[in-house]
Amino acid sequence: MDNVESAPDSPVQAPPSSASSLPKEQSQVELELRLLQALEFYPPSKLKGVHRHFVLYGLMEYLRKSLDRQFSADEVLQLLDRFFNLEMLKPEEDEKDNFSQGEEFSLPESFLNKEE
């Protein structure tokens, strides 16, 4: 027992590198929690359909209001990629083709003649 070294009088401090990363880790956890809360209103399953841009915008706005900073669409997608396989949510080729085909729209003549 004589070989046991005594502890120094000064308190033990964590290395500066781990101490400085603590706020970053806490903010990352806060960010992920806010994202998961936002998914209650904006489910990731809707990122596949025609409303995907609105859902992504809603997620961006929710995070902006919750954390008081701006988020880009790419940042939100990177966050979502931690929890979900976003490759499964990408639009399929036939879905892309449906929106690229434009049709001329006009009201029926019977509707136009009712202007009496």
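Positions are given from 1 along the sequence. Heavy atoms only: backbone and side chains are in, while hydrogens, waters and symmetry mates are out.
- Annotation: the span from Ser27 atom OG to Glu32 atom CD amounts to 10.0 Å, rounded to 0.5 Å.
- The CD atom of Gln78 sits 7.0 Å away from the OG atom of Ser72 when rounded to the nearest 0.5 Å.
- Scanning all heavy atoms of the two residues, the minimum distance from Ala38 to Leu59 falls at CB-CD2, 3.6 Å.
- The CG atom of Leu80 sits 12.0 Å away from atom CG of Asn85, with the distance rounded to the nearest 0.5 Å.
- Shown here is Asp68, whose CG atom has no more than 12 heavy atoms of other residues, nucleotides or ligands within 6.0 Å.
- Here the CZ-CD distance, from Arg69 to Glu75, works out to 5.0 Å after rounding to the nearest 0.5 Å.
- Contact detail for Pro44 and Phe84: the closest heavy-atom pair is CG-CZ, 3.6 Å.
- Cluster annotation: Phe54 is not connected to Phe41 through the hydrophobic network of ILVMFWY side chains, with a link wherever side-chain heavy atoms come within less than 4.5 Å.
- By the criterion of side-chain heavy atoms lying less than 4.5 angstrom apart, applied directly or through intervening Ile, Leu, Val, Met, Phe, Trp or Tyr residues, Met60 is grouped together with Phe83 in one hydrophobic cluster.
- Residues Tyr57 and Leu67 do not share a hydrophobic cluster, defined by chaining ILVMFWY side chains whose heavy atoms lie under 4.5 Å apart.
- For the atom pair Asp74 CG and Leu79 CG, the distance stands at 11.0 Å (nearest 0.5 Å).
- Between Arg52 and Leu47, the shortest heavy-atom distance links the atoms CB-O, 2.9 Å.
- Taken to the nearest 0.5 Å, the CD atom of Glu87 stands 8.0 Å off from the CG atom of Asp81.
- In this structure, the side chains of Leu35 and Phe71 stay at 4.5 Å or more apart for every pair of heavy atoms.
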